[in-house]
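Just so it is clear, the values below take in all heavy atoms, side chains as well, and ignore hydrogens, waters and symmetry mates.
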Amino acid sequence: MEDAAITVSHLGVQYRNVEALQDANFEIYPGRITGIIGPNGAGKSTLIKAILGLVSVSSGTVLYRGKPLKTQLEKVAYVPQRSMIDWSYPATVWDVVLMGRVRKAGWFRRFSHVSRQVAATALERVGMSEYRDRSIGQLSGGQQQRVFLARALAEEAEVFCFDEPLAGIDKKTEAVIFEVFHELAAAGKIVLVVNHDLGEAITNFDDLVLLNKEVIASGSRATVLQPENMNRAYRGQVMFFNGEAA
Amino acid sequence: MLEAIIEPLQYGFMQRSLVIAVLVGVICAIVGSYLMVQRLALLGDAISHSVLPGLAIAFILGADIFVGAFIAGVVSTLAIALIRTRSPIKEDAAMGIVFSAFFALGITLITIVQKTNKIDLNHFLFGNILGVTSQDVWNTAIISLFVIAVVFLLYKELLFYTFDPVGAQAAGLPVNLLNFGLMVLIALTIVASLTAVGVILVLALLITPGATAYLLVKRLNQMMILGAFIGIVASISGMYLSYFYNLPSGPAIVLVASGIFVLALLFSPSQGILTYPQSNSQGWAFWKEIKNLLRSRS
């Protein structure tokens, strides 16, 4: 296997004396789709935010190619949970996809022709071109998620992070999302995905990080999805998934 | 008709106050749009009430009262942020605490100063647009130009930040600076509006025109432009109403803006109450529940 691109060491987060994440150690490899799984309240979103430095960490480091990831956020595309967004915000699909180009466009400048081109291509890729001028509030949940996926693609990043992209979406959107994930991985990108569901979609992941306040197991899907790991993470409450992985 | 429009313009004070009212109408709508989309309408109220002690202290020290007001406005936002981040108190409660404390301090100080000086608390609370000097006009014009220029130059960053703050932070934008910049714009806008409408009613100019536009268009820039236009219409017609019917100018402006809002609320092509009657089903549900309660008792 290729060398790890992201190395997470001793990462911990505290919210007002409550330990949300403790001593997380694992590695993330480029060219592979990595899922973060675990029960409700396991700290999955916290972990992804801590990796990007979006919450203040109480301990640990996250290195991307030898340097703190926090200082290289221009190489990161992050998609928050859909429920964190106010979808009644007065913006069109096009406005949101162009947000992916804000950083590249630079301060005090308008979007260049290239930026518009990149945004249009990204929108095309997720099959949302015809919705360009639609208000974001008029879209279905799946369509909103695809717009966010297009925004992430428009950022032309090296590290792609998605928080619960599969929650409450339609089959078509799920198919588009995994197609894009596989393309990104094939292009040697890092794809990190918080995923709540242990259904059959899990076979799309190459590597997994199993979390419950601490990292229970990490590595290839087959090694992580061992019954003893799952029982430890879910405290024996798992509706166990009997796919080919286990 | 034409005479009625021209007649007030022969007076210097009317010219000056009209210019100020129009400028204030424009920047309040633009900056207020940011408050509305972030669901921070109450913050506008909090900052506007919090400028009072700054006014009073600057007056006592013999400094420019608008500088004092601006500083107090910014300090109040920092106090709210401090309480919110360093304690379990939520943002709305933090705003309530800070703005009432600042407001109370302001009223106390002004009441003390008022006894020995020619300074009128009512002018700060409700505006005193007919008393503006040409210096006030220049100050408002410079503040307005600055506010519009900043919004124009930082439009795409502020759009990203106000829509998705965490996403903007993850993209490497300096979100704390952007947030502080927005607070400064809001405080400047409120200070510029003091003479026109006063601290109590400035919230109406910040929120109502933008909210009206929000019912009619679907993008933030359209909301700002239409909101500014509504602000101008409200300001000018409010001033004329005030002139001809001898009404207080601040309330007249606010009432016109509110009237336009009600029209949009009722008749908006996409979401009006009368054009889309099903949207008031909430009211019917309310009556149904009352009926059911009465029925179950008998």
Given a strict heavy-atom distance threshold of 4.5 Å, which part of [X] is in contact with chain B: side chain, backbone, both, or neither?
| X | result |
| --- | --- |
| A:Val79 | neither |
| A:Leu98 | neither |
| A:Ser88 | both |
| A:Arg151 | side chain |
| A:Leu54 | both |

Please determine whether a side-chain nitrogen of the Lys or Arg among A:Glu156 and A:Arg101 lies less than 4.0 Å from a carboxylate oxygen of the Asp or Glu. yes
Say you draw a straight line from CD1 of A:Ile37 to OG of A:Ser218; how long is it, rounded to the nearest 0.5 Å? 11.0 Å
So side-chain hydrogen bond (donor to acceptor under 3.5 Å, both in side chains) across residues 171-187 of chain B, not counting sequence neighbours, yields B:Tyr161-B:Asn179
Which residues in residues 5-13 of chain A have any heavy atom lying under 4.5 Å from a heavy atom of chain B? none
Taking all atoms of both residues into account, what is the closest heavy-atom pair of [X] and [Y], and its distance?
| X | Y | result |
| --- | --- | --- |
| A:Ile177 | A:Pro165 | CD1-O, 3.7 Å |
| A:Ile48 | A:Phe162 | CD1-O, 3.7 Å |
| B:Leu201 | B:Gly250 | CD1-C, 4.1 Å |

Does [X], at its [atom1] atom, have more than 12 non-hydrogen atoms belonging to other residues, nucleotides or ligands within less than 6.0 Å?
| X | atom1 | result |
| --- | --- | --- |
| B:Phe146 | CZ | no |
| A:Glu74 | CD | yes |
| A:Lys70 | NZ | no |

Heavy-atom pair count under 4.5 Å with chain A, highest-scoring of [options]:
| options | value |
| --- | --- |
| B:Ser87, B:Ala168, B:Ser33 | B:Ser87 |
| B:Val175, B:Leu154, B:Thr162 | B:Thr162 |
| B:Gln169, B:Gln38, B:Met36 | B:Gln169 |
| B:Lys156, B:Met223, B:Gln222, B:Arg39 | B:Lys156 |

Evaluate the ring pair (Phe, Tyr, Trp, His ring centres under 6.0 Å) criterion for residues A:Trp87 and A:Phe148: first the C-alpha distance (whole Å), next the side-chain angles of each, then the deciding distance (0.1 Å), finally the verdict. CA-CA 12 Å; A:Trp87 292 98; A:Phe148 263 7; 5.2 Å; yes
Could you go step by step and tell me if B:Met95 and B:Asp45 meet the side-chain contact (heavy atoms from CB on, under 4.5 Å) rule? CA-CA 9 Å; B:Met95 285 183 211; B:Asp45 210 19; over 6 Å; no
Does A:Arg32 reach the main-chain N or O of A:Asp207 with its side chain, forming a donor-acceptor pair under 3.5 Å? no
Checking heavy atoms, do the side chain of [X], its backbone, both or neither come under 4.5 Å from chain A?
| X | result |
| --- | --- |
| B:Tyr155 | neither |
| B:Leu220 | both |
| B:Phe163 | both |

Which one, A:Thr92, A:Asp133, A:Val76, A:Ile136, leads in non-hydrogen pairs under 4.5 Å with chain B? A:Thr92
